[in-house]
Amino acid sequence: MPGKLKVKIVAGRHLPVMDRASDLTDAFVEVKFGNTTFKTDVYLKSLNPQWNSEWFKFEVDDEDLQDEPLQITVLDHDTYSANDAIGKVYIDIDPLLYSEAATVISGWFPIYDTIHGIRGEINVVVKVDLFNDLNRFRQSSCGVKFFCTTSIPKCYRAVIIHGFVEELVVNEDPEYQWIDRIRTPRASNEARQRLISLMSGELQRKIGLKVLEMRGNAVVGYLQCFDLEGESGLVVRAIGTACTLDKLSSPAALLPACNSPSKEMKEIPFNEDPNPNTHSSGPSTPLKNQTYSFSPSKSYSRQSSSSDTDLSLTPKTGMGSGSAGKEGGPFKALLRQQTQSALEQREFPFFTLTAFPPGFLVHVGGVVSARSVKLLDRIHNPDEPETRDAWWAEIRQEIKSHAKALGCHAVVGYSESTSICEEVCILSASGTAAVLNPRFLQDGTVEGCLEQRLEENLPAGCGFCHIPYDELNMPFPAHLTYCYNCRKQKVPDVLFTTIDLPIDATVIGKGCLIQARLCRLKKKAQAEANATAISNLLPFMEYEVHTQLMNKLKLKGMNALFGLRIQITVGENMLMGLASATGVYLAALPTPGGIQIAGKTPNDGSYEQHISHMQKKINDTIAKNKELYEINPPDTSEEIIGSPIPEPRQRSRLLRSQSESSDEVTELDLSHGKKDAFVLEIDDTDAMEDVHSLLTDVPPPSGFYSCNTEIMPGINNWTSEIQMFTSVRVIRLSSLNLTNQALNKNFNDLCENLLKSLYFKLRSMIPCCLCHVNFTVSLPEDELIQVTVTAVAITFDKNQALQTTKTHVEKSLQRASTDNEELLQFPLELCSDSLSSHPFPPAKAVTVEKASPMGEGNFRNRATPPCASSTVGVVKMTPLSFIPGAKITKYLGIINMFFIRETTSLREEGGVSGFLHAFIAEVFAMVRAHVAALGGNAVVSYIMKQCVFMENPNKNQAQCLINVSGDAVVFVRESELEVVSTQQPTANCQPSCTGGEVTT
């Protein structure tokens, strides 16, 4: 499909002064696409030029439309010397190539310069005319839609889920070319920015071609990353799930899964994790699954396939199915064959999705992960992708075999990541082994009688917990009991997963964020010695992280983890591990036992006393956590549980004594019930410190909850007040006598203080929940630790919230509402999420010129708008895949932007925090401008995929690279769809200060 690209340059405003003599600027614009360049006239002596150029027409092939960005450069005309660059705008043409997408991109774009940041704005109009030609050999993939969201997008229905697509492109890094020694930093940054946008365009086109070959029309859960490998090049890679999606026409007929969790969906908490980056190793822990009807009639390709509670779909590795039910004998083989064949056509049955259409996920086996350490300087032909493709293929093969060992034939919530330090690179992949329903994976039908018969046998809400593997030859030691919900199938005692909580899962109480943090020193070494040292450390780190997660889970009185994401980062002289997950109490799994401390050291009295003191502290903490997260499972009568297996008789008695009063725990006899209490052996001072560190995690202040999944389990009455923020913290360690313990303490304090500062800054939003808390840790250079957090704060309705702790939450609410005159939430005027989003505007709202999504000055004058808050001036940004209290009506395309910022006056710009804060604010402004120009009013599934920071304090220099992506959408408030007059304006006491972003 060749096409014609038309561009018109309308005007500029707020340009910087380039001519000292007249304090004005003689600006003109160069418009470049591919190898063609057009220039506008020079508009003399003005900071707000009106060019009103003619239409510049580029006749191009559609491959170029997908690969190349449109480059707009604003320059200052000088008669005697070279023209000075003011800044550039890169516009991605891809959103104009969809059939139902925007037809024109038009709006004010910030003019960006890699040294000075944003320098004014320019008004541009872009149109594309495509001519159809049906060429079989075409290299373009116009029309394939890309979505960052890791669930089926809200206004679509999945017809078929085809499976995993991946691609990787390599190029030389301009920063390391010989010419870089002679060109300016600005030129080299721009070369890098342009190269990365070219490479990501090419990558998207290649993945699109693969999707068209699979006969799909969309990629969901698209995750793109770049690896800066230094000398050996620059790699851009992406993974995603190919689907065939169908647009839902009438908003009334929206399926529950395609709806924003609002009004009619109030009872069902949604759960989707945009960043399924979880790798866990150590004992694989059983995971979670959904059960539903089982008919392979529609072809769906989502990330899990579902089998029934009594249909154990085992792979051909000869693991018999011991846990299959008695019913469904003849069908079982048929279904197993169908799912097997549906998945065997694929090389890797992986899905990057974390939330699924109902009935897709049948059982969950547990987290599977693989890691490998590679040396970049050993790549024979660094400019070719073969070596790296082979590396990733090895890891994917390993993940596939882990999943088979767990009796599963697919992996859901799959993600990949790398960590690079000089020439060493750690590749990681992880996901959740699962059994899927073949209904979505291929075309084909099974008689209706089978479908009904299966539905009758299905217990709702616990099927996904049932083990898919055979209990007689389990791949790892696990403690199984009969399901506490349906009493028919076996379930494990804990479940670790990288996906979101399935919609129909039965949860008791609320969830909470659980983090394991770990640092390990390593000696500085070169090449192979270094790689060996790292690979020797990795298994121990994974084991430690796993143990920490288990202990913290028990301490919270919970029994399952969702959205688990383990990062291991490599630095010059240390390795860091950070695992985040959301802990939940699943009704189907057994009540977790307590933690029992056993000492192996000298039996003097003081030591014994110390141990018993610690034990009491632990028991108190567990009791306190149960109350805080409202975990009070119904006591199960002993006879029911006792009948299938003999041991649980003492088990339930033991557990009950523990939950009723924490003092009785000292009489716990550990010989009973095998694993009831989790035993922590303390054999040296290190272990003692570990126990201390377990107890030092500070619970969030009252009225706050936090989780790293999309929706907080146990809260579902969200108001429409949301606020996204990004915070980056960089600390420098003193290089003197660093020990593992000192490091761990430093790292722990860093993360805890970061969370505390967020709670403090958000105090006026109580009661509030931080959702999708995404921590990323990196070691940019020696003795520097950088932690980046992106999250969204959502308030929930305290009147409907079933608060057991009503009184103090309400007190703090009254306090917050009286203080909020002086205490506006964030004093950050640079960029923000406008929270004026209730049907009634809150007490203080923000008026912003619609045209400019980056008002630096505009945010300072807070005025009360008229009563219609329908014209939201600022483009909303959220990491969630939905907007509370609103319906997404249209997806306009993917936003994928990459920026570099460099400074040679770091101290003058406010040091590291000032520099980073200003840069992130500018990135937000540019993302908003692009979305507004497409006609959108929000970005969902927003994620800051990379934030690479480097500084040289001696030379007062710093450089930062940021890569962000998200889905540009149009949403409509539900209050506008149906005017609701009964809404209580209680939420209006919150200040709607727009703190888009905190950088500390």
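For reference, positions follow the sequence shown, starting with 1. Values in this document were obtained by computation on a predicted structure and should not be read as measured data.
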Is it the case that the side chain of Lys523 and the backbone of Asn530 share a donor-acceptor pair, with hydrogens and angles ignored and the cut-off at 3.5 Å? no

Rounded to the nearest 0.5 Å, what separates atom CG in Asn573 from atom CG in Leu779? 8.5 Å

More than 12 heavy atoms of other residues, nucleotides or ligands under 6.0 Å from CG of Asp383: is that the case? yes

Tyr222 and ring pair (Phe, Tyr, Trp, His ring centres under 6.0 Å): which single residue from Phe147, Phe164, Phe146 fits? Phe146

Side chain of Thr498, backbone of Gly413: donor and acceptor closer than 3.5 Å? yes

Check: Cys148 main-chain N/O paired with Asp967 side-chain donor or acceptor under 3.5 Å: yes

Here the gap from Ile426 atom CD1 to Ser535 atom OG, rounded to the nearest 0.5 Å, amounts to 8.5 Å

Take Gln515 and Asn708 through the side-chain hydrogen bond (donor to acceptor under 3.5 Å, both in side chains) test and state the conclusion after the steps. CA-CA 10 Å; Gln515 272 196 340; Asn708 73 337; over 6 Å; no

So, do Phe949 and Phe915 sit near enough that their side-chain heavy atoms are less than 4.5 Å apart? yes

Trace of the side-chain contact (heavy atoms from CB on, under 4.5 Å) decision for Val29 with Ile72: CA-CA 7 Å; Val29 181; Ile72 292 168; 3.6 Å; yes

Please lay out, stage by stage, how Lys524 and Glu572 fare under the test salt bridge (Lys or Arg N to Asp or Glu O under 4.0 Å). CA-CA 6 Å; Lys524 281 194 180 176; Glu572 282 180 31; 3.7 Å; yes

Cationic N near anionic O, under 4.0 Å, Glu922 to Arg901: yes

Side chains of Arg371 and Ser428: any donor to acceptor distance under 3.5 Å? yes

Greater than 12 external heavy atoms within 6.0 Å of Gln177's CD: yes

Can you check whether Leu427's main-chain N or O pairs, donor with acceptor, with Glu416's side chain at less than 3.5 Å? no

So does Asp749 get a backbone contact from the side chain of Asn753, meaning a donor-acceptor N/O pair under 3.5 Å? yes

Verify whether one side chain among Thr904 and Glu902 offers a donor that lies under 3.5 Å from an acceptor in the other. no

Check this for me: does any side-chain nitrogen of one of Glu347 and Arg396 sit under 4.0 Å from a carboxylate oxygen of the other? no

Exercise: do Thr73 and Lys32 side chains pair donor with acceptor under 3.5 Å: no

Have a look at Phe898 and tell me which of Leu195, Val964, Leu961 forms a side chain to side chain contact (heavy atoms under 4.5 Å, CB included) with it. Leu961

When you measure from the side chain of Glu30 to the backbone of Leu75, do you find a donor-acceptor pair of N or O atoms at a distance under 3.5 Å? no

Closer than 3.5 angstrom, by distance alone: can the side chain of Arg119 be matched with the main-chain N or O of Pro16 as a donor-acceptor pair? no

Step by step, would you call Arg378 with Glu528 a salt bridge (Lys or Arg N to Asp or Glu O under 4.0 Å)? CA-CA 10 Å; Arg378 295 295 159 89; Glu528 200 134 326; 2.7 Å; yes

Donor-acceptor pair, distance only, cut-off 3.5 Å: does the side chain of Glu172 make one with the backbone of Pro382? no

Quick one: do the Asn774 and Thr790 side chains pair a donor with an acceptor below 3.5 Å? no

Roughly how far, to the nearest 0.5 Å, is CG of Leu750 from CG of Asn746? 8.5 Å

I'd like to know if the side chain of Ser905 and the backbone of Glu908 have a donor-acceptor N/O pair within less than 3.5 Å. no

Heavy-atom check, side chain of Pro539 versus side chain of Tyr543, under 4.5 Å: no

Please determine, by modelled atom types, if Gln204 and Asp67 share a side-chain donor-acceptor pair under 3.5 angstrom. no

Would Thr903 and Glu909 count as having a side-chain donor-acceptor pair, cut-off 3.5 Å? yes

Closest non-hydrogen contact found for Pro69 with Phe33 is O-CD1, 3.8 Å

Decide yes or no on side-chain contact (heavy atoms from CB on, under 4.5 Å) for His930 and Ile91, but give the supporting numbers first. CA-CA 8 Å; His930 281 260; Ile91 299 177; 4.3 Å; yes

If every non-hydrogen atom of Met541 is compared with every non-hydrogen atom of Leu518, which pair is closest and at what distance? O-CD2, 3.6 Å

Measuring from Phe924:CZ to Met944:CE, what's the distance to the nearest 0.5 Å? 6.0 Å

Before you tell me yes or no, could you show the steps for Glu202 and Ser200 under side-chain hydrogen bond (donor to acceptor under 3.5 Å, both in side chains), namely the whole-Å CA-CA distance, both residues' side-chain angles and the distance that decides it to 0.1 Å? CA-CA 5 Å; Glu202 180 191 349; Ser200 63; over 6 Å; no

Should we count NZ of Lys522 as having more than 12 external heavy atoms under 6.0 Å? yes

Using a 3.5 Å distance criterion without hydrogens, assess whether the side chain of Asn956 forms a donor-acceptor pair with backbone atoms of Arg907. yes

Which heavy atom in Ala429 sits nearest to a heavy atom in Ile395, and how many Å separate them? CB-CG2, 3.4 Å

Looking at every non-hydrogen atom in both residues, tell me the closest pair between Ala925 and Pro110 and how far apart they are. O-CG, 4.2 Å

Tell me, with the steps shown, if Lys374 and Glu394 meet salt bridge (Lys or Arg N to Asp or Glu O under 4.0 Å). CA-CA 12 Å; Lys374 300 288 184 195; Glu394 271 173 30; 3.2 Å; yes

Any idea which heavy atoms bring Cys519 and Met576 closest together, and the distance? SG-CE, 3.1 Å

Inter-residue atom distance Ile207.CD1 - Arg237.CZ, 0.5 Å rounding: 11.5 Å

By the definition salt bridge (Lys or Arg N to Asp or Glu O under 4.0 Å), identify the one residue from Glu229, Glu167, Glu166 that meets it with Arg388. Glu229

Is there a side-chain contact (heavy atoms from CB on, under 4.5 Å) between Asn189 and Gln959? Walk through the geometry before answering. CA-CA 10 Å; Asn189 290 340; Gln959 188 188 31; 3.2 Å; yes

If only side-chain N and O atoms count, and only distance matters, is there a donor-acceptor pair under 3.5 Å linking Lys945 with Gln224? no

Quick one: pull up CG in Leu733 and CG in Asp782 and give me the separation to the nearest 0.5 Å. 9.5 Å

Got a sec, which residues hit salt bridge (charged side-chain N to carboxylate O under 4.0 Å, His left out) with Glu175, two or more places apart in sequence or on another chain? Arg192

Looking only at non-hydrogen atoms, find the nearest pair between Trp392 and Thr418 and report the distance. CZ2-CG2, 3.5 Å

What's the verdict on side-chain contact (heavy atoms from CB on, under 4.5 Å) for Asp227 and Leu234, showing C-alpha distance, side-chain angles and the deciding distance? CA-CA 6 Å; Asp227 302 329; Leu234 191 142; over 6 Å; no

